Amino acid sequence: MNYWLMKSEPDECSIDDLADAPGQTVPWVGVRNYQARNFMRDAMQVGDGVLFYHSSCPEPGIAGFAEVASSAYPDETQFDPDSPYHDAKARREEPRWLHVDVKLVRKTRLLPLPEMRSDPALVTMRTLQPGNRLSITPVSPVEWERIAELLG
DNA sequence: GCCAACGTTGGC
DNA sequence: GCCAACGTTGGC
């Protein structure tokens, strides 16, 4: 079992949107970074723990727990000319972009980014490293436990 | 809106 | 394969 932090812009899909989605599950479409794609394709397994992170918003931070609910499968938005995620170079015979489904486990209080940064147990988090921009990053069991502790 | 970091593109 | 230009991310 692995743990992950996945960033979502609340304008696009917030923790409340996830809670309101059918089956409290959303397809994590729109990842257009190879490293993040490879995490989903090669390392994620159904049941993996997910920290649902709100990014690019007034109060960035962890908004709840979720879990990986499917293995990776082709992202349809890459073939849709009307989608902001359209990729003109993607071919159906060999899809470039994949995604998993993510299911809500539990909404929590917001754990704000500054609180994460100030916690000595969390300084190792990949998402907190300078210059990191990956929308999906691995989380260690120790980091996961600490966050579970902070969020009760 | 700014800007640093970093990934991707494309000419050579 | 190099590398400059460009686009995106995301906190502030």
Side-chain angles (χ1 to χ4, degrees), chain A residues 2-21 25-44 48-68 70 72-140 142-144 146-151:
Chain A
N2 292 313
Y3 301 104
W4 308 95
L5 181 143
M6 298 175 80
K7 295 180 187 173
S8 181
E9 302 188 13
D11 285 351
E12 288 272 319
C13 179
S14 70
I15 192 85
D16 292 323
D17 295 330
L18 179 61
D20 290 341
T25 302
V26 295
W28 205 264
V29 296
V31 170
R32 294 294 181 267
N33 170 283
Y34 288 105
Q35 237 183 310
R37 180 202 68 182
N38 294 348
F39 282 141
M40 291 195 286
R41 186 187 63 189
D42 304 332
M44 276 191 185
D48 278 1
V50 172
L51 302 171
F52 192 100
Y53 181 91
H54 283 175
S55 70
S56 293
C57 58
E59 218 179 353
I62 294 168
F65 294 102
E67 66 183 18
V68 176
S70 79
Y73 61 101
D75 182 338
E76 281 300 316
T77 62
Q78 72 193 297
F79 305 120
D80 178 0
D82 296 328
S83 168
Y85 303 125
H86 181 239
D87 182 343
K89 291 181 182 166
R91 294 184 300 124
R92 274 203 181 270
E93 316 83 75
E94 200 181 343
R96 229 187 228 213
W97 304 112
L98 307 171
H99 67 85
V100 298
D101 291 343
V102 171
K103 181 176 164 54
L104 180 67
V105 171
R106 168 166 82 90
K107 181 182 174 180
T108 62
R109 76 168 172 97
L110 188 89
L111 178 61
L113 180 58
E115 187 177 343
M116 294 168 67
R117 288 201 187 283
S118 69
D119 193 305
L122 299 182
V123 293
T124 53
M125 285 191 77
R126 182 124 167 225
T127 194
L128 300 185
Q129 303 314 304
N132 178 81
R133 295 184 322 180
L134 268 183
S135 62
I136 300 176
T137 48
V139 174
S140 77
V142 171
E143 293 158 356
W144 177 273
R146 178 58 181 154
I147 287 162
E149 196 179 351
L150 289 170
L151 293 176

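Owing to the predicted nature of the structure, the values given are computational and were not obtained by experimental measurement. Letters go in sequence order (proteins before strands), and every chain restarts at 1.
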Identify whether the distance between the nearest side-chain nitrogen and carboxylate oxygen of A:E149 and A:R146 falls below 4.0 Å.
-> yes
Between the side chains of A:D80 and A:Y85, is a donor N or O closer than 3.5 angstrom to an acceptor N or O?
-> no
Does any donor atom in the side chain of A:S14 or A:D16 lie under 3.5 Å from an acceptor atom in the other side chain?
-> no
By ring-ring contact (aromatic ring centres under 6.0 Å, His included), which residues pair with A:F79, not counting sequence neighbours?
-> none
Can you give the first and last nucleotides of DNA chain C, 5' to 3', that have an atom under 4.0 Å from a heavy atom of chain A?
-> C:dG7 to C:dC12
Look only at the side chain of A:R37 and the backbone of A:R96, and say whether a donor-acceptor pair between them is shorter than 3.5 Å.
-> yes
5′-ward residue of the pair A:K89/A:Q35 relative to DNA chain B | A:Q35
